[in-house]
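Take a look at the structure set out below.
Every chain is numbered from 1 and lettered A, B, ... according to where its sequence line falls, protein lines coming before strand lines.
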Amino acid sequence: MTPVRGSALERADLLGDPVDVAPWLLNKILVRGDRAGRIVEVEAYRGESDAASHAFRGLRPRNAVMYGPPGHLYVYFTYGMHWCANVVCWPEGRAGAVLIRALSPLEGLGAMRAVRPAARRDRDLCNGPAKLCQALGITKDDDGVDLLAPLRRRRGRDTVGATASVPIRLIDDRTPPPARPGRGTRIGISVATEVPWRFWVRGDESVSR
DNA sequence: CTTTGGATCGTCT
DNA sequence: GACGATCCAAAGG
């Protein structure tokens, strides 16, 4: 399998409103060691002005990363068993993030299948925010990592086990975002359910149900 | 295919 | 003490 190639994103591209950054992130690639997937579904969370955001009630230990510089990963734990990952937006001091809801698996499918035995088909490996974290081994340990940091020389093999030391990066392989992405309301929330801040790549089979 | 309910624990009230 | 930015297995059509 040929490794994905691409350049790091510009941090300036993530300085904006999550509602603008979210569709722009579609078709970018999330890489962890030998595993990689193309972003095909996202949701924008606008921080203190968004009742559905974890930052709606201000700075807390859990959401502190969202108040940091853009381009870092905000990871949270939910439902007593799941991890979910966001790309931090807006300048330092202002909370905002884009939840990554689904990836189209590109590389390391074998490792993903090994960690996700519940996935019957490959399209089920990363078609949900907690599923993709499981597939890439994203946990609390990855909260706050810089997705745009230059990649150092490969430290070791990406084994199915410990992923904590394996870097996570966001890269651009020059596949542009869709000119006309799917757009609709966000999923799984009980407030601010009417705003259309969910975006996806139309027709991609890994978009969540 | 769709619907339903259980699992499970950190965070905030 | 309640409730999640969810997933999955089981049951029903």
Just the rounded figure in Å: distance from [atom2] of [N] to [atom1] of [X].
X: A:Y79; N: B:dT11; atom1: OH; atom2: C1'; answer: 14 Å
X: A:H82; N: B:dT8; atom1: NE2; atom2: C1'; answer: 9 Å
X: A:M81; N: B:dC9; atom1: CE; atom2: P; answer: 8 Å
X: A:N127; N: C:dC7; atom1: CG; atom2: P; answer: 8 Å
X: A:R121; N: C:dC8; atom1: CZ; atom2: C1'; answer: 13 Å
X: A:Y76; N: B:dG10; atom1: OH; atom2: C1'; answer: 13 Å

Under 4.0 Å between a side-chain N/O of [X] and OP1 or OP2 of [N], yes or no?
X: A:K140; N: B:dG10; result: no
X: A:T78; N: B:dC9; result: no
X: A:R101; N: C:dT6; result: yes

Of the listed nucleotides (C:dC7, C:dA5, C:dC8), which one gets closest to any side-chain atom of A:R116?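 Of the candidates, C:dC8 comes closest.
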
Is the centre of the A:H54 ring less than 6.0 Å from the centre of the A:Y76 ring?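 They qualify: ring centres under 6.0 Å apart.
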
Paired with C:dA5: which nucleotide, if any, by Watson-Crick or G-U wobble criteria at under 3.5 Å for both distances?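 For C:dA5, the partner nucleotide comes out as none, under the 3.5 Å rule.
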
What's A:A118 touching, base or sugar-phosphate or nothing? Going by heavy atoms closer than 4.0 Å.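 Sugar-phosphate: the residue A:A118, judged by heavy atoms under 4.0 Å, touches backbone atoms but no base.
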
When all nucleic acid strands are considered with a 4.0 Å heavy-atom cut-off, which category describes A:I189: base, sugar-phosphate, or nothing?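 Since only primed, P, OP1 and OP2 atoms lie under 4.0 Å of A:I189, the category is sugar-phosphate.
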
Looking at A:Y45, I'd like to know if the NZ or CZ of A:R186 sits under 6.0 Å from its six-membered ring centre while staying within 45 degrees of the ring's axis.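 Ring-cation test returns yes.
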
Which pairs would a plain distance check flag for residues 22-31 of chain A, meaning a side-chain donor or acceptor within less than 3.5 Å of a matching protein atom at least two apart in sequence or in another chain?
{"residue": "A:N27", "atom": "ND2", "partner": "A:P176", "partner atom": "O", "Å": "2.9"}
{"residue": "A:K28", "atom": "NZ", "partner": "A:W24", "partner atom": "O", "Å": "3.0"}

Would A:F77 count as stacked on B:dG10 if the rule is ring centres under 5.5 Å and plane angle under 30°?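 Whether judged by distance or by angle, A:F77 falls short somewhere, so it does not stack on the base of B:dG10.
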
Closest-nucleotide mapping onto DNA chain C: is A:M66 or A:R120 further toward the 5' terminus? I mean the 5' end.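 In this pair, the answer is A:M66.
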
For residues A:R198 and A:S208, determine if any side-chain heavy atom of one lies less than 4.5 Å from a side-chain heavy atom of the other.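 With C-beta onward as the side chain, the pair touches.
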
